[in-house]
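Step one of this worksheet: look at the structure below.
Quick caveat, the model's predicted, so the values are computed rather than measured. Because only heavy atoms are used, hydrogens play no part in the values below, and waters and symmetry mates are left out as well, while side chains stay in.
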Amino acid sequence: MVDYKFLSSKLKRLDFKSAQLIRNITLSFLIKGAAIIVSLLTLPVYISYFSDNLVLGMWFTAISLLSWILTFDLGIGNGLRNHLVSPLINKDNQEIRKNISSAYISVGIIVLFLSVLSFFIIPLINWNVVFNVPSYLIDGETLSFMATMLITGILIQFFLKLVSSIFYSLQKSAIPGLLILVSSISMLLFAFFIKNDDLDMKIKLISIAYVFATNIPYLIATLVLFSTKLKTAKPSFKYFESKYALRIIKLGGIFFYLQILTMIMFNTNELLISWLINPAEVVQFQVYNKLFSVVSTFFNLALTPVWSAVTEARVKNDYIWIKLLYKKLNLSLLLLIPLQAILILLFPYIIDFWLRDSSIDVSYTHGIIFAVYNILFMKVSIDTSIIAGFGKLKIQSVSLTFTTILKILLSIIIIQYTESWIFIVTANIFALLPYIIIEYFDIKYRFAEVRE
């Protein structure tokens with residue numbers, strides 16, 4: 001006999017969950033739409049600000065390289081994100097306090113340690129060698145100052161960015177995107193309005209601006225959140241418990257390892273181009289990457305609330321909803337492929353309109369390679385969001401390890417014979433294929449494990 005009351009309540013719950021997800025996605029789209037416009041405006045403004053592609057490439061590489069520090073939170077942010085969902089659903093204020101306080105204090109200790117470490121290490125490093133920039137163009141003192149400012153800004157952000165994990169747990173995934181948008185607008189306005197003929201001074205000024213632009217939004221959001229919705233859950237030594245910290249770090253440790261692999265896999269392209277070829281080539285990579293990643297950026301934005309939504313659905317045993325969501329996401333990816341094809345055809349015209357006097361010679365072959373790379377990247381993002389929501393990360397850890405090693409080896413080997421930066425992107429494509437196949441079967445296995 002069919003239990004119609006059970007089915008009716010199940011459908012209502014699924015509808016609410018889907019509506020909540022759609023609402024988060026819609027808000028995120030609006031915010032990210034503005035962010036992409038800002039990003040597209042920023043590149044020509046940066047080109048004008050630095051007036052030298054070698055220096056601009058160095059800046060992009062520095063941001064990419066030094067922002068890696070953000071991954072060294074031992075995955076605490078992601079661990080908090082997963083562990084906070086259940087007490088929030090159950091409105092267990094004691095558990096909420098303990099999880100939040102334990103996470104903040106743990107990150108605070110790490111930040112303190114890294115701050116002391118960087119104080120001694122930064123002066124010992126030859127930053128001209130690190131960024132592959134000749135000292136006659138930018139002196140070592142300027143690069144050391146830049147590195148100090150960027151590391152300071154990132155360490156502060158390291159601590160304050162925990163508020164984003166809390167917003168994700170609260171199913172408020174649009175807010176972290178808004179904070180990033182505010183930071184991007186601040187940097188754009190700075191580069192547009194601040195004029196200085198001294199290159200060293202330009203680098204120092206924009207480094208200082210980076211510290212404030214990236215941290216003030218997170219600071220304001222933290223103060224507002226703990227003064228309103230989570231007024232009773234402010235971080236406090238009183239509620240710190242080592243077992244909660246260890247539990248968060250235990251799950252976070254796996255996320256941490258995956259963060260490092262993801263960083264190496266997707267955030268080292270600029271660094272590899274700088275080291276293996278020339279920093280000036282990074283600018284060309286950025287032009288192609290910024291344009292062709294528009295579609296994948298929007299798609300990944302839609303995936304932002306999926307992780308926490310899947311975690312919540314898993315806690316409530318709504319596996320039917322998770323399966324249906326997975327099918328819809330893969331179908332959406334198929335529908336986006338024609339958009340990448342259109343982008344290839346329009347690419348030269350968009351570049352001329354976008355960069356105007358700073359326009360570059362474009363290659364349709366390069367465009368096709370970037371389109372394929374972004375399609376595969378979107379597929380990886382789908383599978384990663386589902387697996388992260390399940391919290392089953394062992395197979396993903398192994399497959400991503402293999403993929404990352406393969407990407408680095410292919411990049412180094414291919415560049416020895418070609419000396420063209422586009423083959424680093426090609427190496428990414430070949431490395432991602434086995435990862436996608438393994439994750440597909442992993443997710444199928446996870447679904448087979450549970451009963452509807």
Side-chain angles (χ1 to χ4, degrees), residues 13-36 70 73 75-93 95-97 99-101 103-104 107 157-185 214-235 248 252 255 297-316 318 321-322 325 329 381 384-386 388-389 391:
R13 199 157 64 245
L14 290 174
D15 286 342
F16 171 76
K17 194 180 301 298
S18 298
Q20 184 182 49
L21 186 62
I22 290 170
R23 187 164 54 249
N24 273 320
I25 290 172
T26 302
L27 288 172
S28 297
F29 265 120
L30 293 174
I31 292 168
K32 196 61 181 182
I36 286 177
L70 285 174
D73 66 343
I76 292 172
N78 288 328
L80 176 64
R81 177 176 177 173
N82 270 33
H83 280 302
L84 204 52
V85 171
S86 182
L88 284 170
I89 291 172
N90 298 322
K91 297 182 179 178
D92 188 335
N93 291 329
E95 286 288 300
I96 293 171
R97 289 190 193 106
N99 276 292
I100 289 176
S101 295
Y104 267 96
V107 170
Q157 186 182 347
F158 189 27
F159 180 79
L160 295 176
K161 202 174 181 180
L162 271 179
V163 74
S164 290
S165 299
I166 299 174
F167 281 125
Y168 286 131
S169 298
L170 289 166
Q171 305 296 323
K172 304 289 184 183
S173 60
I175 296 178
L178 178 62
L179 301 179
I180 294 171
L181 173 61
V182 173
S183 295
S184 299
I185 291 174
T214 54
N215 286 293
I216 289 177
Y218 285 115
L219 176 61
I220 293 172
T222 301
L223 294 174
V224 171
L225 179 63
F226 288 116
S227 298
T228 54
K229 190 172 183 65
L230 294 181
K231 190 174 183 179
T232 59
K234 296 174 185 176
I248 291 171
F255 280 119
T297 299
F298 271 110
F299 189 76
N300 286 337
L301 179 68
L303 293 175
T304 303
V306 167
W307 174 350
S308 294
V310 170
T311 301
E312 183 177 330
R314 177 178 56 80
V315 170
K316 294 180 177 179
D318 282 342
W321 182 83
I322 299 174
L325 175 65
L329 290 174
S381 298
T384 300
S385 297
I386 298 296

If you compare all heavy atoms of [X] against all heavy atoms of [Y], which two are closest, and at what distance to 0.1 Å?
{"X": "S381", "Y": "S385", "result": "O-OG, 2.9 Å"}
{"X": "A103", "Y": "L80", "result": "CB-CD2, 3.8 Å"}
{"X": "N99", "Y": "P87", "result": "ND2-CG, 4.1 Å"}

- Who pairs with Y218 by ring pair (Phe, Tyr, Trp, His ring centres under 6.0 Å), at least two apart in sequence or on another chain? none
Listed partners of [X] passing side chain to side chain contact (heavy atoms under 4.5 Å, CB included), at least two apart:
{"X": "F226", "answer": "I100, Y104, I166, T222, L230, K234, P235"}
{"X": "L181", "answer": "I31, A34, A35, V38, L178, I185"}
{"X": "T214", "answer": "Q157, Y210"}
{"X": "L88", "answer": "L84, I96, S169, L170"}

- Message: Between I180 and S184, is there a side-chain heavy-atom distance shorter than 4.5 Å?
- Response: yes
- Message: Test of understanding: with side-chain hydrogen bond (donor to acceptor under 3.5 Å, both in side chains), list the residues that count as partners of S164, not counting sequence neighbours.
- Response: none
- Query: For the atom pair OH (Y168) and CD1 (I175), what is the distance rounded to the nearest 0.5 Å?
  - Reply: 10.5 Å
- So how far is it from S183 OG to I216 CD1, rounded to the nearest 0.5 Å? 9.0 Å
